[in-house]
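Working notes for the structure below.
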Amino acid sequence: MSDKEEAKKQRSIDSELKKSSSISKDASKSHGEILKQQITEGQETYDRKPISLLLSSVTAGLEIGFSYLLICTVFQFFSGVITEENSYKLISLVYPVGFIMVILGQSILFTEQTSLLTLPVLNKKRSIGSLLKIWFVVISGNMIGGYLISFLLMWIGPRLGIFNLSTVEKIALHVTEFSPLVILTSAVLAGWLMGLLSWLLTSSRDTLSRIVIIFIITAMMSFTGLHHSIIGNVEVFSGLVSSDKINLLNYLNFQFFALLGNAIGGAVFVALLKYRAFVSNIDIK
């Protein structure tokens with residue numbers, strides 16, 4: 001396709017997005033309206049200053065730690081009462097708490113923003129280089145926040161008597177006991193779900209609906225044991241610094257494949273497919 005034809009096609013896509021709207025305030029948003037809002041929100045994130053992005057990302061990494069606090073507390077509380085297998089399933093009821101705090105509080109979480117930040121690139125408003133740069137800032141901030149909250153929780157947990165370092169070790173081993181291929185595939189599914197979460201939140205018009213959506217998606221991830229790179233960072237890093245059964249290679253192996261899988265799931269299975277579904281329905285004039 002020539003540059004002229006490419007530009008013509010892009011004008012047609014932008015024109016269709018501009019016309020996209022729902023019938024009324026109470027009606028469901030159309031595919032085009034959701035896509036338009038996602039692209040707009042994504043561009044707003046690109047326009048933020050790097051320090052603002054970093055601080056918001058660090059905040060998200062800290063706040064997701066409240067899910068980890070509840071995970072450890074619930075696991076410890078029911079230790080000896082129910083089996084460990086059942087405890088991991090029960091954790092799914094508290095796992096969403098940190099995600100609700102992060103997302104409703106408008107902090108920047110990598111997995112929730114993956115598809116959102118990819119859409120402006122697909123729409124030719126941003127470059128792949130700018131996408132990789134902003135991903136780097138967001139991931140770095142999320143991980144730094146995760147490290148900080150990890151140290152804090154490992155100090156306060158045993159002193160409050162709500163969990164001990166044995167619990168930290170068991171959770172870290174549970175997350176890392178799989179092969180790289182399994183972690184990658186699991187993370188792709190988790191990234192896919194988080195991308196859908198972002199899409200569904202854009203389609204929602206009220207806070208209660210958003211809370212229900214976040215709870216359903218993230219509880220599903222926890223119940224099925226899918227790997228999430230950011231909360232997983234807290235889980236595995238905590239094990240790394242408190243147990244000799246988790247080494248640096250275990251941590252790096254998990255983090256690399258979890259991040260890669262989450263990125264693929266959100267960028268390919270949500271952003272690309274949703275965008276192509278819209279574009280393929282447009283008659284280029």
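All residue numbers in this chain count up from 1 along the given sequence. Small disclaimer: the values here were computed from a predicted structure and weren't measured.
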As a test of understanding, state which of Leu173, Thr176, Ile171, Asn253 forms a side chain to side chain contact (heavy atoms under 4.5 Å, CB included) with Val236. Thr176
Apply the ring pair (Phe, Tyr, Trp, His ring centres under 6.0 Å) test between Phe75 and each candidate in Tyr95, Tyr68, Tyr88; give the one that qualifies. Tyr88
Is it the case that the ring center of Phe237 lies less than 6.0 angstrom away from the ring center of Phe151? yes
Are Phe99 and His228 an aromatic pair by the rule of ring centers under 6.0 Å? yes
Partners of Ser229 by side chain to side chain donor-acceptor pair (under 3.5 Å), sequence neighbours excluded? Asn262
If only atom types and distance count, is the side chain of [X] paired as donor or acceptor with the main-chain N or O of [Y] below 3.5 Å?
X      : Y      : answer
Ser92  : Ser222 : no
Thr167 : Gln76  : no
Asn123 : Lys125 : no
Tyr46  : Leu117 : yes
Thr202 : Ser198 : yes
Ser280 : Ala277 : yes

Taking atom [atom1] of [X] and atom [atom2] of [Y], what is their separation to the nearest 0.5 Å?
X      : Y      : atom1 : atom2 : value
Lys245 : Lys170 : NZ    : NZ    : 9.5 Å
Arg210 : Leu197 : CZ    : CG    : 10.0 Å
Met221 : Ile231 : CE    : CD1   : 8.0 Å
Leu184 : Leu181 : CG    : CG    : 6.5 Å
Ile128 : Trp135 : CD1   : CH2   : 10.0 Å
Gln113 : Ile134 : CD    : CD1   : 8.0 Å

Kindly work out whether a path of hydrophobic side-chain contacts (I/L/V/M/F/W/Y, heavy atoms less than 4.5 Å apart) joins [X] to [Y].
X      : Y      : answer
Phe163 : Ile156 : yes
Leu259 : Phe256 : yes
Val94  : Leu104 : yes
Trp199 : Leu116 : no
Phe136 : Ile264 : no

side-chain contact (heavy atoms from CB on, under 4.5 Å) evaluation trace for Val74 with Ser87: CA-CA 8 Å; Val74 168; Ser87 291; over 6 Å; no
Do Ser52 and Arg48 meet the criterion of a side-chain donor-acceptor pair at a distance under 3.5 Å?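 Result is yes, a qualifying pair exists.
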Donor on one side chain, acceptor on other, Glu33 and Gln37, under 3.5 Å: no
Listed by chain and number, what are the ring pair (Phe, Tyr, Trp, His ring centres under 6.0 Å) partners of Tyr275, not counting sequence neighbours?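 Listed in chain order: nothing, the list is empty.
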Would you mind listing every side-chain hydrogen bond (donor to acceptor under 3.5 Å, both in side chains) that reaches into residues 138-154, with sequence neighbours excluded? Tyr147-Tyr251, Ser150-Ser238
Before giving the answer on side-chain contact (heavy atoms from CB on, under 4.5 Å), spell out for Ile103 and Leu201 the whole-Å C-alpha distance, their side-chain angles and the decisive distance to 0.1 Å. CA-CA 10 Å; Ile103 296 170; Leu201 289 177; 3.4 Å; yes
Where is the tightest heavy-atom contact between [X] and [Y], given as atom of each residue plus distance?
X      : Y      : value
Ile183 : Phe178 : CD1-O, 3.8 Å
Pro50  : Val137 : O-CG1, 4.2 Å
Ile108 : Ser56  : N-OG, 3.1 Å
Ser203 : Ile34  : CB-CD1, 3.5 Å
Ala187 : Phe257 : CB-O, 3.8 Å
Ala263 : Thr114 : O-CG2, 3.6 Å

Show your working on side-chain contact (heavy atoms from CB on, under 4.5 Å) between Thr118 and Leu272 and close with a plain yes or no. CA-CA 8 Å; Thr118 303; Leu272 181 60; over 6 Å; no
Around atom CG of Asn281, are there more than 12 heavy atoms of other residues, nucleotides or ligands at under 6.0 Å? no
Apply side-chain contact (heavy atoms from CB on, under 4.5 Å) to residues Ile162 and Phe77 and explain how you reach the verdict. CA-CA 7 Å; Ile162 53 178; Phe77 185 81; over 6 Å; no
Does some side-chain heavy atom of [Y] sit less than 4.5 Å from a side-chain heavy atom of [X]?
X      : Y      : value
Thr185 : Val188 : no
Ser243 : Leu165 : no
Ile100 : Val97  : no
Met220 : Leu193 : yes

